[in-house]
Amino acid sequence: QVQVGESGGGLVQAGASLRLSCAASGRAGTVYAMGWFRQAPGLEREFVSAISWNGANTYYTDSVKGRFTISRDSGKNTVYLQMNGLEPEDTAVYFCAIFSPGLPLTLSTMTQQHNYQYWGQGTQVTVSS
């Protein structure tokens with residue numbers, strides 16, 4: 001059974017930084033591509049960022065480019081989302097998810113929720129103005 005857990009959310013003022021962490025347990029020796037999504041109140045869950053299994057490829061939605069950085073521990077299913085210059089519009093529950101193994105790693109596939117197999121419970125990020 002694969003489990004995914006996020007941490008690091010909180011309440012901050014606009015302009016501040018937060019670092020989200022995600023740890024996933026799975027089959028021994030399997031390293032997954034992983035992604036971050038977020039869901040603001042009253043809105044649908046949306047793609048934020050993703051990283052390939054070896055960290056060589058990263059993807060971002062336009063609204064966070066230049067402010068957020070995704071990274072991972074080499075060879076581990078632990079990923080991070082460094083969020084700088086936070087804005088009130090970034091307020092949401094942030095979810096970490098495991099990309100389904102075997103699918104091609106492209107911008108198109110990694111931005112689509114249905115291509116992710118396992119999800120965490122989410123961590124709340126609130127940015128006050």
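Since this is a predicted model, take the numbers as computed values, not measurements.
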Donor-acceptor side-chain pairing of Thr126 and Gln124 below 3.5 angstrom: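 Yes, a side-chain donor-acceptor pair sits under 3.5 Å.
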Donor + acceptor pair across side chains of Asn84, Ser17 (<3.5 Å): yes
CD/Gln3: more than 12 non-hydrogen atoms of other groups inside 6.0 Å: no
What pair of heavy atoms forms the shortest contact from [X] to [Y], and how long is it?
{"X": "Gln113", "Y": "Arg45", "value": "NE2-O, 2.7 Å"}
{"X": "Thr58", "Y": "Ile51", "value": "CG2-CG1, 3.8 Å"}
{"X": "Ser52", "Y": "Arg72", "value": "O-NH1, 2.9 Å"}
{"X": "Ala24", "Y": "Met34", "value": "CB-CE, 3.8 Å"}
{"X": "Pro104", "Y": "Phe99", "value": "O-CZ, 3.6 Å"}
{"X": "Ser49", "Y": "Leu81", "value": "CB-CD1, 4.1 Å"}

From CA spacing to verdict: side chain to side chain contact (heavy atoms under 4.5 Å, CB included), Thr69, Tyr60: CA-CA 8 Å; Thr69 303; Tyr60 300 93; 3.9 Å; yes
Side-chain donor/acceptor of [X] to backbone N/O of [Y], under 3.5 Å:
{"X": "Arg19", "Y": "Gly9", "result": "no"}
{"X": "Asn115", "Y": "Thr109", "result": "yes"}
{"X": "Glu46", "Y": "Arg38", "result": "no"}
{"X": "Glu6", "Y": "Cys22", "result": "no"}

[Y] reachable from [X] in the ILVMFWY side-chain graph, under 4.5 Å edges:
{"X": "Tyr116", "Y": "Trp53", "result": "yes"}
{"X": "Ile70", "Y": "Val31", "result": "no"}
{"X": "Phe47", "Y": "Met83", "result": "no"}
{"X": "Leu105", "Y": "Leu103", "result": "yes"}
{"X": "Val79", "Y": "Val93", "result": "no"}

Rounded distance (nearest 0.5 Å) linking atom [atom1] of [X] with atom [atom2] of [Y]:
{"X": "Gln1", "Y": "Ser25", "atom1": "CD", "atom2": "OG", "answer": "8.5 Å"}
{"X": "Gln82", "Y": "Ser21", "atom1": "CD", "atom2": "OG", "answer": "9.5 Å"}
{"X": "Asn57", "Y": "Leu107", "atom1": "CG", "atom2": "CG", "answer": "10.5 Å"}

Worked check of side chain to side chain contact (heavy atoms under 4.5 Å, CB included) between Leu20 and Thr123: CA-CA 8 Å; Leu20 304 184; Thr123 184; 4.0 Å; yes
Close side-chain approach of Asp90 and Arg67, heavy atoms under 4.5 Å: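 In contact.
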Minimum side-chain heavy-atom gap Val4-Ile98 below 4.5 Å: yes
Test applied, ring pair (Phe, Tyr, Trp, His ring centres under 6.0 Å); reference residue, Phe37; option that passes from Tyr94, Phe95, Trp119, Tyr59: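 Option passing the ring pair (Phe, Tyr, Trp, His ring centres under 6.0 Å) with Phe37: Trp119.
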